[in-house]
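Heads up, the thing below is written out as structure tokens.
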Amino acid sequence: MSSNALFYLTSNDMPLVSHADGIYMWDTTGRRYIDACSGAITCNVGHNHPAVKRAMVEQLDKVAFSYRTQFESQVALDLATRLVDLTDGELDKVFFVGSGSEAVESAIKLAVQYFVAKGQPERCKFVSLRPSYHGSTIGALGLTGYEPLEAPYRSITLGSVKVPSPDLYRYQEASAEEHIASVLEQTESAILAAGPETIAAVALEPVGGASTGGRMVTRAYMEGVRALCDRYGCLLILDEVLSGMGRTGAWFAYQHFGVVPDIIALAKGLGSGYYPIAAMMARQELVDEVSRSGGFMHGHTYAGNPLACATGLAVIDVMDSERLVSNAAEQGTYLRQQLDQLAQKYDCIGNVRGVGLLQGVELVQDKARKQPFPASFNAFDKLTALAKARGLLIYPRRSLNGLEGDHVLITPPLTVTASDIDDIISLLDDSLAAFEQASLELEVCS
């Protein structure tokens, strides 16, 4: 049990962080770690970047905070324009908040208020995937499909209409194409059962994050969901809190699929860990409808504050000047090749998936049968602990609705080089060897 006054998800004492630079972090004992997960898939431009720090100090010398109903700041206007440009104008309105959960919450409320303004207040239900993760606030948690996170709060969340997430690893149909067709059919059936006239939006992650370990969708799936939304008059919300801001080798993951959403949620990489900032982006038609009805009845104290927006601008400037989006694509390809080689070497790796520098590794006890480890074995935590003991930080979770199945995310900063990836793979290789030995002992005991 922890001996200090703080409490979070874990009750274990953690090493005290001292400082960080680039892809590295140090604790107060002087031990160095490779941050191969960018914290919580957040630190896209790496730690201690001089240009980001300089921009933050320059803004601090002017003004750190102004309230949105009293002043507008030029940096907020500039950052909004830059984000719109990154979507090629496909999403042309921006609403700043402070976290990913707030961005998703804002998307939920904009969708509902849009339909209220259009005279369709009955459109108040949402369709989302299981498994999925959309945030920890009450509205965002209602969209989330991850049993351990939902269970304690089910009595106070509205919940959503849950439909299956595409699973290109464990599908039972004869082909991936048939699987996608089946998932879309089940999604449409759920919409019809709930009443199409009651659906405000379908919300999903274009590339799975913590809840699925980089689980991918396909272009056909995205086109199919977009077609369902258009057919039944509801909106498409994409949660790009984790996958956005260059992580997948494109500015936004939706750009891989050629399908334009109505609303997206951004966070994590937008502030890159330097200052909390997130955003909801939407089509102007939605915002205009809401504005005509009296304005968006929503807001947060720190929304669009100058220091946050100056940080976001500096992060985008760094990504542009250092060509980090293309580096994510290039180094992501190399990382995937190296992970695939580890999958051939170790029977405990059942699947490697993802895109760019968002790569997931699913662990299995039986590779041929795709059988997960017993939940009690806590394979995801064991591998993460073994890696940390070797100076490698990776991000663990469970793949199958949070109840079983194990994966780790390998998501280094977008500044990573091929040499850095070699170092990551070497430490992961050593960790997997130790993990596989531990899993063999489990088989002997069972």
Side-chain angles (χ1 to χ4, degrees), residues 7-11 40 97-113 115-116 121-167 170 183 186-205 208-213 215 225 228 234-242 263 265 267 278 280 297-298 300 372 374-376 378 380-381 395-407:
F7 83 98
Y8 299 113
L9 176 65
T10 177
S11 59
V97 289
S99 71
S101 294
E102 291 174 31
V104 171
E105 203 87 7
S106 301
I108 292 170
K109 292 177 78 173
L110 180 64
V112 169
Q113 195 178 342
F115 284 114
V116 168
E122 68 278 5
R123 285 192 180 272
C124 57
K125 296 178 185 176
F126 291 81
V127 176
S128 61
L129 309 188
R130 182 174 297 285
S132 64
Y133 178 69
H134 294 287
S136 57
T137 52
I138 295 300
L141 185 58
L143 294 185
T144 293
Y146 202 77
E147 183 62 25
L149 300 180
E150 296 173 84
Y153 308 109
R154 196 162 272 131
S155 63
I156 60 171
T157 56
L158 292 176
S160 62
V161 177
K162 298 296 194 302
V163 298
S165 166
D167 187 342
R170 296 178 180 275
V183 170
Q186 292 176 71
T187 301
E188 183 168 22
S189 295
I191 291 172
L192 292 171
E197 71 285 353
T198 70
I199 304 298
V202 177
L204 61 95
E205 302 164 279
S211 65
T212 65
R215 187 183 288 184
V225 171
L228 288 175
C234 59
L235 304 178
L236 176 59
I237 299 173
L238 294 187
D239 180 346
E240 295 238 24
V241 166
L242 189 149
I263 303 173
M280 171 187 65
M297 298 294 108
H298 180 62
H300 297 274
S376 59
N378 291 316
F380 65 130
D381 276 339
Y395 197 92
R397 281 295 183 271
R398 285 200 158 126
S399 309
L400 303 177
N401 199 25
L403 298 174
E404 63 177 345
D406 304 88
H407 67 255

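In terms of heavy atoms, L149 sits closest to P152 at O-CD, 3.7 Å. Nearest heavy-atom pair across P121 and C124 is O-CB, 4.1 Å. The two atoms that bring G209 and L242 nearest to each other are CA-CD1, 3.9 Å, heavy atoms only. Across every non-hydrogen atom of F126 and A200, the tightest pair is CZ-CB, 4.0 Å. In terms of heavy atoms, F380 sits closest to P396 at O-CB, 3.6 Å. Across all non-hydrogen atoms, the minimal contact from A267 to A278 is CB-CB, 3.5 Å.
Side-chain contact between R397 and Y133 is absent, with no heavy-atom pair separated by less than 4.5 Å. Side chains of L129 and P166 form a contact here, defined as non-hydrogen atoms less than 4.5 Å apart. The shortest distance between side-chain heavy atoms of R398 and L403 does not fall below 4.5 Å. Residues P131 and S399 have side chains not in contact (no heavy-atom distance under 4.5 Å, counting atoms from C-beta outward). In this structure, L238 and L204 have side chains that are in contact, with non-hydrogen atoms separated by less than 4.5 Å. Counting only heavy atoms from C-beta outward, the side chains of E205 and D239 approach each other to under 4.5 Å.
Separation of atoms CD1 (I108) and CD1 (I237) is listed at 7.0 Å; rounding is to 0.5 Å. With values rounded to the nearest 0.5 angstrom, N378 atom CG is found 7.5 Å from D406 atom CG. Distance check, rounded to the nearest 0.5 Å: CD of E150 to CG of N401 gives 6.5 Å. For the atom pair CG (D167) and CZ (R215), the distance works out to 3.5 Å, reported to the nearest 0.5 Å. Rounded to the nearest 0.5 angstrom, R130 CZ and S132 OG are separated by 7.5 Å.
Applying the side-chain contact (heavy atoms from CB on, under 4.5 Å) criterion to P372, with sequence neighbours excluded, gives R170, L400, E404. Not counting sequence neighbours, the partners of A151 by the side-chain contact (heavy atoms from CB on, under 4.5 Å) test are E147, R154. Partners of P196 under the side-chain contact (heavy atoms from CB on, under 4.5 Å) rule, at least two apart in sequence or in another chain, are I191, L192, Y232. L158 meets the side-chain contact (heavy atoms from CB on, under 4.5 Å) test with no other residue; sequence neighbours excluded. The ring-ring contact (aromatic ring centres under 6.0 Å, His included) check on H298 picks up F95, F296, H300, with sequence neighbours excluded.
Checking side-chain atoms of H407 against main-chain N and O of A210 turns up a donor-acceptor pair under 3.5 Å. Looking at E188, its side chain never comes within 3.5 Å of a backbone N or O of L228 through a donor-acceptor pair. Within the 3.5 Å criterion, the main-chain N or O of A194 finds a donor-acceptor partner in the side chain of K125.
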Donor-acceptor pairs under 3.5 angstrom involving side-chain atoms of residues 135-144: please list them, not counting sequence neighbours.
unit_1: T137; atom_1: OG1; unit_2: E105; atom_2: OE1; d: 2.6
unit_1: T144; atom_1: OG1; unit_2: H134; atom_2: N; d: 2.9
unit_1: T144; atom_1: OG1; unit_2: A140; atom_2: O; d: 3.1

